[in-house]
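Residue numbering restarts at 1 for every chain, and letters A, B, ... go by the order of the sequence lines. Values below: all heavy atoms of this structure, side chains included; hydrogens, waters and symmetry mates excluded. Only a predicted model underlies this, so the values are computations on that prediction, with no experimental measurement involved.
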Amino acid sequence: MADPLVTLTSDFGGTSPYVAAMKGALLTVNPAAKLVDLSHRLPPQDLRFASFFLRSAIPYYPEGTLHVVVVDPGVGTERAVLYLESGGQRLLVPDNGCWTALAARSRQPPRVIRVSERRYWRSEVSATFHGRDIFAPVAGHLSLGLRPEELGPVADSWIKLPWPEPAITPRAIEGEVLVIDDFGNLITNIPGEAYFQNLHRVRKITVGGSPVDRQVRTYGESAPGTLVALVSSAAMFEVAVVEGNAARRLGAAAGTPVRIELDNPPAAGGQS
Amino acid sequence: MADPLVTLTSDFGGTSPYVAAMKGALLTVNPAAKLVDLSHRLPPQDLRFASFFLRSAIPYYPEGTLHVVVVDPGVGTERAVLYLESGGQRLLVPDNGCWTALAARSRQPPRVIRVSERRYWRSEVSATFHGRDIFAPVAGHLSLGLRPEELGPVADSWIKLPWPEPAITPRAIEGEVLVIDDFGNLITNIPGEAYFQNLHRVRKITVGGSPVDRQVRTYGESAPGTLVALVSSAAMFEVAVVEGNAARRLGAAAGTPVRIELDNPPAAGGQS
Amino acid sequence: MADPLVTLTSDFGGTSPYVAAMKGALLTVNPAAKLVDLSHRLPPQDLRFASFFLRSAIPYYPEGTLHVVVVDPGVGTERAVLYLESGGQRLLVPDNGCWTALAARSRQPPRVIRVSERRYWRSEVSATFHGRDIFAPVAGHLSLGLRPEELGPVADSWIKLPWPEPAITPRAIEGEVLVIDDFGNLITNIPGEAYFQNLHRVRKITVGGSPVDRQVRTYGESAPGTLVALVSSAAMFEVAVVEGNAARRLGAAAGTPVRIELDNPPAAGGQS
């Protein structure tokens with residue numbers, strides 16, 4: 001049998017000793033855990049980005065994988081640590097809503113446990129580093145086969161993170177830039193599906209008022225430097241500069257309005 | 001027996017969920033695969049850097065290691081995906097030439113297969129994310145022992161990436177900056193060997209016209225701040241600032257001319 | 001039994017092929033080694049940061065873990081390579097003192113061996129890349145069970161790196177910024193303990209002359225933007241901006257003076 005998979009996601013950054021200490025604390029509990037780094041360079045304390053990240057990555061893992069997520073602006077306050085199961089995946093997260101957009105993809109309600117049994121924590125818990133002192137050893141014990149109900153009581157409420165929904169009207173789809181990826185591509189909150197369904201009547205696409213040059217199916221279709229609209233690998237509507245940086249070109253940031261203007265609907269008929 | 005080694009190289013960046021999704025898709029096919037990150041921070045869509053990177057890193061791996069490389073400006077176009085064997089290593093790459101400089105190090109011609117058998121891909125293939133939908137599952141199957149010929153037909157032609165060759169004359173070696181590493185060191189296209197063979201008659205070294213202070217065998221030989229020339233670990237002629245950044249100091253970039261002026265050859269004799 | 005753990009720490013950067021080549025050279029000797037990346041983004045050639053990093057991370061690993069550290073400004077000079085055991089951990093390091101602050105945490109003197117037996121190195125050793133040519137294969141052999149005394153003679157002297165000690169007087173604790181982490185938090189050389197012991201009589205805290213707003217136990221206690229003092233996860237006194245960047249706000253760098261002014265000691269009595 002393969003060693004138990006444990007993934008690690010954080011905003012600790014590439015230079016910090018915290019990632020290293022966390023891995024050590026986990027491996028001290030279970031040296032056979034198979035660690036997989038998802039990323040440790042999430043934008044610091046940006047729960048919206050973390051939401052997007054988890055939603056885009058976690059569903060691709062083998063059933064039963066344990067995912068440890070430490071993006072935790074509330075560390076040291078009374079915020080809880082949660083263990084949860086959703087869509088076949090297992091997560092250990094701060095109770096800050098970073099996972100609720102992911103869980104919304106599943107039809108089943110999540111199973112959530114409030115991690116409170118201190119016997120599975122490091123004996124000394126610092127005020128600022130729960131990643132090392134709580135998340136890592138608890139993940140180690142879970143990867144050894146500890147039954148989740150040993151961690152604490154079932155939770156029936158938790159923080160939900162609002163996820164901006166686009167407005168879809170007969171004349172336009174109005175959304176916003178959700179996050180900007182490492183290439184400077186603008187990933188929006190408009191589902192790829194909503195865009196595809198209206199593809200034949202798109203009249204104009206703007207980002208913060210600036211028009212997009214072309215609609216494409218893939219980056220390779222247009223010349224370098226073209227400002228294109230397409231559906232990304234995260235299945236979201238996206239605006240990009242071919243071999244360039246759209247965020248810089250347009251001065252766009254998370255929250256910048258994105259508007260897809262539509263022609264009249266087919267059945268609308270009518271004058272002019 | 002050790003678990004099968006699969007290395008991952010991409011330009012997805014440290015913040016993106018794409019690396020994470022790709023690992024998940026691979027581990028879903030083979031949870032026992034032993035993943036090794038080479039780098040996910042290659043300069044975006046820079047095939048020349050990718051060439052240099054693969055050439056410098058891949059030959060050090062155990063025979064039979066599988067290397068997945070996703071630097072893929074042509075994703076979603078008709079460019080093929082290739083499986084190939086060269087120098088004892090196995091690679092899964094986009095057909096964009098990123099691997100031809102590596103294969104040129106081997107005397108044997110590569111064995112190349114065009115990956116076309118969709119049964120080993122994810123059932124739904126997005127237009128923009130072949131890393132997750134084709135490369136990852138195919139690598140998973142190969143690491144499980146799938147015979148490469150199951151992936152598709154043998155290929156007898158592929159894209160070759162031009163590799164800039166230096167001009168070596170009796171009076172000078174003329175090359176250029178190939179890539180700049182994370183320290184700002186200038187790695188050139190001049191083979192270390194060509195430099196060493198003419199070491200006793202080097203008269204002057206310039207980068208974009210600026211003279212280099214000293215020739216050294218190693219960084220530690222000169223005081224911090226000195227502009228030195230040496231042969232790097234990648235066996236290429238290199239210009240560096242000791243404990244500093246040569247690219248910034250000289251305003252150099254990929255393509256900046258590098259010139260090693262030579263004294264008359266020993267046997268040349270002659271007047272004056 | 002779990003595969004042998006080998007951690008890797010370097011300043012090679014995320015883009016460089018050197019990390020990849022080093023992993024390959026290690027796995028070529030022992031394909032079953034279980035590699036754990038601590039970080040490859042340490043500030044280049046910054047031994048003080050490396051000291052801090054190792055001290056903060058290494059103690060959390062399972063006993064007997066082998067840690068390979070390549071932050072090596074002296075590569076190619078006559079500096080030695082050391083194998084050492086301290087506090088239950090095993091390290092392979094350049095003899096530049098990067099590990100002495102870590103070893104100072106242990107009461108036992110370290111066991112140190114000078115790595116000189118070339119039979120465990122790569123057959124060709126470049127002048128600039130001992131990570132690949134010496135550290136990696138030696139680590140591979142150690143992870144296979146090679147007895148350390150086979151590597152070379154016991155060493156009885158080595159480079160020690162000075163670690164700046166704070167001045168603690170009845171009226172003040174005077175230290176300095178030790179390093180800046182990825183969040184821009186200022187980690188000082190003042191032990192958390194020294195601060196806690198005097199907590200009830202702290203009058204004022206300054207960084208480079210600028211006063212700190214509040215003392216907190218954890219980031220979450222104050223509003224975003226507040227300049228706070230606290231004890232970090234590395235057990236050091238730290239100054240931070242809640243959800244912000246203290247280094248940028250204060251223009252602070254490694255070495256910037258940090259001063260904790262104290263009220264008169266309890267037993268001091270006396271006139272005014």
Which one wins on heavy-atom pair count under 4.5 Å against chain A: C:Leu54, C:Val242, C:Leu42, C:Asp37?
C:Asp37

To the nearest 0.5 angstrom, please state how far the CZ atom of C:Arg41 sits from the NE2 atom of A:His40.
13.0 Å

Heavy-atom distance under 4.5 Å to chain A: side chain of C:Val231, backbone, both or neither?
backbone

Identify which of A:Ser126, A:Ala136, A:Ala32 forms the greatest number of heavy-atom pairs closer than 4.5 Å to chain C.
A:Ala32

Does a side-chain heavy-atom distance below 4.5 Å link C:Pro43 with A:Thr15?
yes

Using the side chain to side chain donor-acceptor pair (under 3.5 Å) criterion, which residues pair with C:Arg111? Sequence neighbours excluded.
C:Glu85, C:Glu149

Pick whichever of A:Ala21, A:Pro44, A:Pro73, A:Gly13 has the most heavy-atom pairs under 4.5 Å with chain C.
A:Ala21

Taking C-beta and beyond as the side chain, do A:Tyr18 and C:Asp181 meet within less than 4.5 Å on heavy atoms?
yes

With a 4.5 Å cut-off on heavy-atom pairs, point out which of C:Lys34, C:Arg217, C:Glu243 contacts chain A the most.
C:Lys34

Which of these, C:Val36, C:Thr7, C:Leu5, sits in a side chain to side chain contact (heavy atoms under 4.5 Å, CB included) with A:Lys23?
C:Val36

Does A:Arg122 reach the side chain of C:Tyr60, with side-chain heavy atoms less than 4.5 Å apart?
yes

Of all heavy-atom pairs between C:Tyr61 and A:Leu27, which one has the smallest distance, and what is that distance?
CE2-CD1, 4.1 Å

Under the salt bridge (Lys or Arg N to Asp or Glu O under 4.0 Å) rule, what pairs show up with a residue in residues 51-72 of chain C, not counting sequence neighbours?
C:Asp72-C:Arg79

Please classify the contact of C:Phe53 with chain A as side chain, backbone, both or neither, using a heavy-atom distance under 4.5 Å.
both

Using a cut-off of under 4.5 Å on heavy-atom pairs, state which of A:Pro31, A:Pro17, A:Ser16 scores highest against chain C.
A:Pro17

Taking side chain as everything from C-beta outward and backbone as N, CA, C, O, which of these in C:Ile180 sits under 4.5 Å from a heavy atom of chain A? Side chain, backbone, both or neither.
neither

Other residues, nucleotides and ligands only: do more than 12 of their heavy atoms fall within 6.0 Å of CZ on A:Arg114?
no

Count the heavy atoms belonging to other residues, nucleotides or ligands that lie under 6.0 Å from CD of C:Glu193, then report whether that count exceeds 12.
no

